[in-house]
Every structure is written in C-alpha cells, then in structure tokens.
*Asks:* 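Here's a structure for you.
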Amino acid sequence: MRRAVFIPLIIAIAPFASAAPTTCSVALPCPACAVPLFLAVPGAALTPEQRAVANTEVGAGSVRVLADEQYRLEGEVVVNRADQWLWSERLDYNAAEGTMQSPGPMRFQNDGLLARAATATWHEEGASELTGMQFQLRDGRGNGRADNATLEADGKTRLTTAAFTSCEPTDPAWQITAGQINLDQTSGVGRARQVTLRLGDVPVLYLPYARFPIDDRRQSGLLIPTLGNSNNAGYDLIVPYYLNLAANYDATLSPRFIRDRGAMLGGEFRYLGATQRGEVDFTWLDRDDRTGNRRSAFDWTHQAQLGAHWFVDASLRDVSDQRYFEDFGESLTSVATSLLPSHAYLRGRGAWWNASFGGDRQQVTDPRLTPDVEPYRRLPRTQFELLSPNLAGPQFGLVSEWVRFQKDDALNGDRLDLYPYLSWPIESTAAFVRPQIGYRYTAYDLERIGDASPTRAVGIASLDAGLFFERAEMGRWRLDADVGAATVCVVRALRRPVGPALVRYSGTDLQLCLAVPR
C-alpha cells in the first residue's frame with residue numbers, strides 16, 4: 001500500500017459540536033445520558049496542525065493483493081492517525097483510483113465524536129458516501145443518525161433523513177429531524193430542509209427551511225429550544241432566535257409559550273465598546289391568562305470607564321409584581337429571590353481617595369413578605385473616603401456619607417455621617433501597634449413634626465496590637481488585642497490540616513478569642 005486514507009466523518013456532524021464542559025447537561029428534558037456507541041480509545045486531543053503531519057498506521061489480520069494496486073484488508077482492520085481511529089472487518093483499497101470501501105460495519109472515533117456506519121465508500125478526488133450512519137458527541141450533549149451522508153471534496157456535506165437528540169436515541173423525549181441537511185465548511189453555514197421538532201412522537205414545530213452556523217463564526221438563527229413543565233403554568237416552551245448584528249453587539253429574541261398563562265416575549269441585547277460594556281434583558285407578557293395582569297421583568301447592567309479615575313457602575317432591575325419569579329423563574333436561584341437589588345453609581349478612585357455618587361434600592365420579590373420589610377431607598381447617596389499616603393508616620397483619614405433615605409409609609413429624611421480619624425501604625429516583623437482616635441458626627445433631617453434634626457457626636461479610640469511568635473516546628477503564632485472591640489485573640493497560622501479534634505474551623509488560621517468585659 002503506497003499511501004493510507006482516512007474518512008473525515010467529523011464534518012458530517014459539525015453543526016452539533018459544542019465546546020461545553022464534559023457533562024451530560026442538556027437544555028431539553030431527557031431521561032438519561034445516552035449509552036456510548038462503543039468503548040472509546042483514551043487519548044489527548046490534538047490540533048489540526050498536529051494531526052496533519054502525523055503518520056497514518058494501518059493494522060489488519062491479513063492483507064491480500066487483488067490486482068495491481070488493489071488490496072483487501074480483513075480481520076479487525078484498524079486505521080489510526082494521531083487521535084483519530086477507524087475500525088472495520090474489511091477494507092478494499094484501490095490505490096490507482098484513490099478509493100477505499102468498507103462493505104461491512106465501520107466505527108470511527110476522534111476527540112469529539114463516536115460514529116458508526118453500515119457501509120462507506122471514500123474517494124480521494126470525489127465524493128465519499130456513507131449509509132446507515134450513527135454519531136454521538138463525546139461531551140454527552142447529543143447524538144444522531146442519517147440514512148445517507150455524502151462528503152464532497154470541496155468541503156460540503158449532505159445528510160439525508162437525519163435526526164438529532166440529546167436523549168437516549170431508542171426512546172428520545174425530544175428530537176430534531178430533517179429531510180436534508182447541507183453543510184458548507186468554507187462559509188461555515190449549514191442549511192436544513194423539512195425540519196421538525198418532536199416531543200416524544202408529537203411534532204410541535206415545523207420549519208420548511210433553517211440556516212445555522214457550523215463553526216465558531218457567529219450566524220443569526222434559531223438556538224436550541226428549552227422545554228419545561230410546572231404545576232402552576234403547564235408546559236413551557238422557549239424558542240430563542242439569535243441576531244448577529246455586528247462584531248461588538250448582538251441580540252437574542254426568546255418567544256415563550258406557557259400553556260396556562262399565554263405568549264410571552266423575552267429578549268437580550270449585549271454590547272461591548274472600547275470603554276464600556278453592558279447587557280439588557282427583558283420579558284413581557286401583556287395579559288396573564290390566570291391573573292389577567294401584565295407581567296414583565298427588566299434588567300440592565302452597564303459599566304463604563306470615564307477617564308483614568310472615574311467609571312460608571314449600574315445594575316437596574318425591576319419586576320412587575322412580587323410573584324414574578326415564583327411564576328416565571330427559570331432556575332431555583334431566581335425562584336428563591338426575596339429582594340431584587342438595583343444600583344447606579346458614578347465612582348472615582350485615586351491613590352489616597354475613593355468617591356461615589358448615585359443611589360440604590362431593593363424590591364421585594366417574595367410574596368410571603370409584606371411591603372413594609374422593603375429596605376429604604378438610598379437616592380441620592382454620596383460617599384467620600386480618604387487616607388493620607390504617609391507610610392512612616394501618622395495618617396489622617398475620613399469616612400463620610402450623605403444620603404436621602406425614603407420608603408413608602410415610613411419615616412423619611414436625610415442623613416450626614418462624618419468620621420475623621422488619626423492613626424499611627426507602627427509595624428515590624430515581630431509586632432505591630434495600631435492606635436487610632438476619631439470623632440464621629442451624625443446629623444439627620446427628618447420629615448416629622450417635633451425633633452426633626454437629631455444629631456449624634458461621639459469620640460472613638462481604639463488600639464490594635466499584636467506579637468508574632470514563630471518557630472519552624474510549631475508554626476506561627478500571633479497575639480492580638482483590640483481595645484475598641486474589647487477582645488483578645490490568639491491566632492495560629494496553621495501549616496498543616498487541622499486534626500479531627502479541631503475541625504470546627506476549616507480555614508488557614510485557628511483563632512481563640514476572649515471577650516473582655518468593659
């Protein structure tokens with residue numbers, strides 16, 4: 001045999017490949033992960049460049065010369081190139097015509113695929129054909145079949161009577177079938193005709209034509225649907241459609257049909273710039289068939305850099321009512337949400353200062369909570385902190401805040417809080433002393449009759465000191481004393497895991513503290 005050949009089945013299933021983690025996690029319901037088609041040979045994945053220069057090795061029980069440049073390999077035929085493997089009971093190779101035929105069952109494996117075919121014919125200069133093909137993605141996210149597969153020499157592939165599912169193929173809870181699928185490796189686009197989404201044996205969606213990407217190049221088109229079921233909504237189907245608008249922004253529209261509540265529209269818009277990025281998510285149900293009310297949700301996250309020291313940080317979130325997450329939440333985390341926070345701030349920072357201006361609020365989203373538990377809205381809110389950059393002597397610091405706090409049917413007002421302080425940290429490798437004195441002043445301007453302007457003024461002194469005791473055989477010990485907090489702590493930095501008798505603290509430090517009564 002002058003040269004060896006290899007059947008590139010991977011291009012036949014490229015549209016279903018995924019870079020997801022190697023777990024059996026699917027968007028649609030599935031009774032179990034599919035049983036592997038066969039036991040794969042272990043090995044590391046290689047790059048296309050490494051695979052192109054690798055040698056091809058062929059093994060067989062026997063080799064017969066049928067004619068000039070015609071060979072027959074029989075008895076556990078194995079063809080291996082890098083991380084690709086092919087097995088068959090018989091291969092007929094015609095070196096003159098550049099063809100190889102496998103009249104019996106054939107198996108194929110690479111780093112992302114397991115495949116079987118009833119018969120296969122490979123042409124070096126023309127189209128290759130496979131019949132009765134089955135394939136399975138090795139990351140556990142899907143498997144499929146095709147009655148016939150034709151692989152053209154120009155990188156185009158045609159599948160007829162094809163199907164794909166992430167469930168056990170013998171009894172799939174869902175599957176997508178197509179009369180014909182055409183894949184173009186050059187353009188990175190696949191096209192399918194007579195596409196049907198089936199739930200069990202019931203067709204629920206039919207498309208006469210579908211277009212989809214088959215590589216990392218982004219393409220507009222339908223994404224994998226999500227199907228669910230709940231006691232208070234019935235069947236729940238989401239069919240997202242991705243829009244590749246530009247290189248730095250895109251969108252996804254997610255029509256959603258909920259049997260007991262109606263048709264809902266959801267969407268996502270993402271943008272990325274040189275100095276800003278963000279994401280907008282929304283859902284809208286004009287009229288809930290159960291409650292008769294409008295149901296909606298909105299979430300906008302935005303971050304932007306404004307020069308060297310200033311930036312914008314915003315996360316604005318809102319739902320139409322307290323039961324929104326309970327009725328429409330798509331995860332346990334969202335259903336368990338009790339308070340929905342929102343904030344928007346202009347923030348600044350420098351070598352010795354931090355500042356912010358904006359506001360925040362938290363919306364009650366748990367129907368078991370009464371509206372009065374909603375925290376105060378802080379709008380507007382201004383904060384400023386500074387610490388003088390003196391590393392070898394006294395340091396002056398300031399923590400300040402002015403805020404307008406408001407809540408329905410509650411006492412509202414303004415608050416000014418100032419805490420200037422002076423500290424003189426003295427530190428060495430054996431000990432440290434951190435004395436600090438300060439003065440805290442707080443003033444209110446309340447919307448009430450009577451004492452509408454209460455104030456508070458108090459002096460504060462604290463002393464934090466400690467010693468380090470260290471030996472190679474006993475680890476490192478530190479004695480801390482905090483006068484302000486009235487505690488004395490013995491801290492050991494552990495160099496080995498804590499024994500069974502001390503497994504009350506699993507961190508890297510073991511702390512024994514004693515509160516000192518004042």
*Asks:* Check whether any side-chain heavy atom of Q363 lies under 4.5 Å from a side-chain heavy atom of S342, and answer yes or no.
*Replies:* no
*Asks:* Write down the atom of Y271, the atom of T301, and the distance for their closest heavy-atom approach.
*Replies:* OH-O, 4.0 Å
*Asks:* Is any side-chain heavy atom of N293 closer than 4.5 Å to one of S320?
*Replies:* no
*Asks:* Taking atom CH2 as the centre, does W424 end up with more than 12 heavy-atom neighbours from other residues, nucleotides or ligands that are less than 6.0 angstrom away?
*Replies:* no
*Asks:* Enter the distance from R193:CZ to L207:CG here, rounded to the nearest 0.5 Å.
*Replies:* 12.5 Å
*Asks:* What are the two closest non-hydrogen atoms of L285 and A263, and how far apart are they?
*Replies:* CD1-O, 2.9 Å
*Asks:* Without swapping roles, check the side chain of Q305 against the backbone of G307 for a donor-acceptor pair under 3.5 Å.
*Replies:* yes
*Asks:* Output yes when a side-chain donor or acceptor of S388 lies under 3.5 Å from a complementary backbone atom of F396, and no otherwise.
*Replies:* yes
*Asks:* Looking at CG of L339 and CG of L369, how far apart are the two atoms once the value is rounded to the nearest 0.5 Å?
*Replies:* 7.0 Å
*Asks:* Mind checking whether R378 and H343 have side chains closer than 4.5 Å, heavy atoms only?
*Replies:* no
*Asks:* Side chain to side chain donor-acceptor pair (under 3.5 Å) with D372: which residues, sequence neighbours excluded?
*Replies:* T370
*Asks:* T365 side chain to T337 main-chain N or O, any donor-acceptor pair under 3.5 Å?
*Replies:* yes
*Asks:* Under the salt bridge (Lys or Arg N to Asp or Glu O under 4.0 Å) rule, what pairs show up with a residue in residues 381-400, not counting sequence neighbours?
*Replies:* D360-R381, R381-E401
*Asks:* Sequence neighbours excluded, which residues qualify as salt bridge (Lys or Arg N to Asp or Glu O under 4.0 Å) partners of D250?
*Replies:* R218, R270
*Asks:* Which residues satisfy the salt bridge (Lys or Arg N to Asp or Glu O under 4.0 Å) test with E374, sequence neighbours excluded?
*Replies:* none
*Asks:* Taking only residues two or more places apart in sequence, or in another chain, which ones meet D281 in a side chain to side chain contact (heavy atoms under 4.5 Å, CB included)?
*Replies:* E268, E279, D299
*Asks:* Taking all non-hydrogen atoms of both residues into account, name the closest pair between R287 and G292 and its distance.
*Replies:* CG-O, 3.9 Å
*Asks:* Between side-chain atoms of residues 349-359 and protein atoms elsewhere (two or more places apart, or another chain), which donor-acceptor pairs fall under 3.5 Å?
*Replies:*
| unit_1 | atom_1 | unit_2 | atom_2 | d |
| --- | --- | --- | --- | --- |
| S356 | OG | Q383 | OE1 | 3.3 |

*Asks:* Per the side-chain hydrogen bond (donor to acceptor under 3.5 Å, both in side chains) rule, what does the pair list look like for residues 200-210, sequence neighbours excluded?
*Replies:* R191-Y209
*Asks:* List the residues meeting side chain to side chain donor-acceptor pair (under 3.5 Å) with Q303, not counting sequence neighbours, and say none if there are none.
*Replies:* R277
*Asks:* Any chance you could measure R290, atom CZ, to D260, atom CG, to the nearest 0.5 Å?
*Replies:* 5.0 Å
*Asks:* For D318, enumerate each residue passing the side chain to side chain donor-acceptor pair (under 3.5 Å) test, keeping only those at least two apart in sequence or located in another chain.
*Replies:* R361
*Asks:* Checking N248 side chain against L272 main chain: does a donor-acceptor pair fall under 3.5 Å?
*Replies:* yes
*Asks:* Do S220 and N244 meet the criterion of a side-chain donor-acceptor pair at a distance under 3.5 Å?
*Replies:* no
*Asks:* State, without any angle test, whether S296 and R294 hold a side-chain donor-acceptor pair at a distance under 3.5 Å.
*Replies:* yes
*Asks:* Could you walk me through whether E447 and R404 pass the salt bridge (charged side-chain N to carboxylate O under 4.0 Å, His left out) test, one step at a time?
*Replies:* CA-CA 11 Å; E447 297 177 353; R404 169 72 177 173; 2.3 Å; yes
*Asks:* Give a yes/no verdict on a cation-pi contact between R261 and F328, requiring under 6.0 Å between NZ or CZ and the six-membered ring centre and an angle within 45° of the axis.
*Replies:* yes
*Asks:* Who pairs with Y421 by ring pair (Phe, Tyr, Trp, His ring centres under 6.0 Å), at least two apart in sequence or on another chain?
*Replies:* Y419
*Asks:* I need the L411 CG to K407 NZ distance, nearest 0.5 Å.
*Replies:* 10.5 Å
*Asks:* Just to verify, what does R368 make a side chain to side chain contact (heavy atoms under 4.5 Å, CB included) with, not counting sequence neighbours?
*Replies:* D366
*Asks:* Do the rings of Y376 and F405 sit parallel, tilted or perpendicular, given the 30° and 60° boundaries?
*Replies:* perpendicular
*Asks:* Is D409 atom CG crowded by more than 12 heavy atoms from other residues, nucleotides or ligands, each under 6.0 Å away?
*Replies:* no
*Asks:* Find out whether Q276 and H302 are in side-chain contact, i.e. whether some heavy atom of one side chain is under 4.5 Å from a heavy atom of the other.
*Replies:* yes
*Asks:* Any heavy-atom pair between the side chains of L199 and Y235 that's under 4.5 Å?
*Replies:* no
*Asks:* Search all heavy atoms of P425 against all heavy atoms of G393 and return the closest pair with its distance.
*Replies:* CD-O, 4.2 Å
*Asks:* Once rounded to the nearest 0.5 Å, what's the spacing between atom OG1 of T283 and atom CZ of F298?
*Replies:* 11.0 Å
*Asks:* Check for a donor-acceptor pair, side chain of Q406 on one end and backbone N or O of L379 on the other, with a separation under 3.5 Å.
*Replies:* yes
*Asks:* For the residue pair D417 and R440, establish whether any side-chain heavy-atom pair is separated by less than 4.5 Å.
*Replies:* yes
*Asks:* Just by distance, do the side chain of Q436 and the backbone of D464 share a donor-acceptor pair under 3.5 Å?
*Replies:* no
*Asks:* Could you pull out all residues at least two apart from N412 that satisfy side chain to side chain donor-acceptor pair (under 3.5 Å)?
*Replies:* none
*Asks:* Within a reach of under 6.0 Å around CZ of F282, are more than 12 heavy atoms found that belong to other residues, nucleotides or ligands?
*Replies:* yes
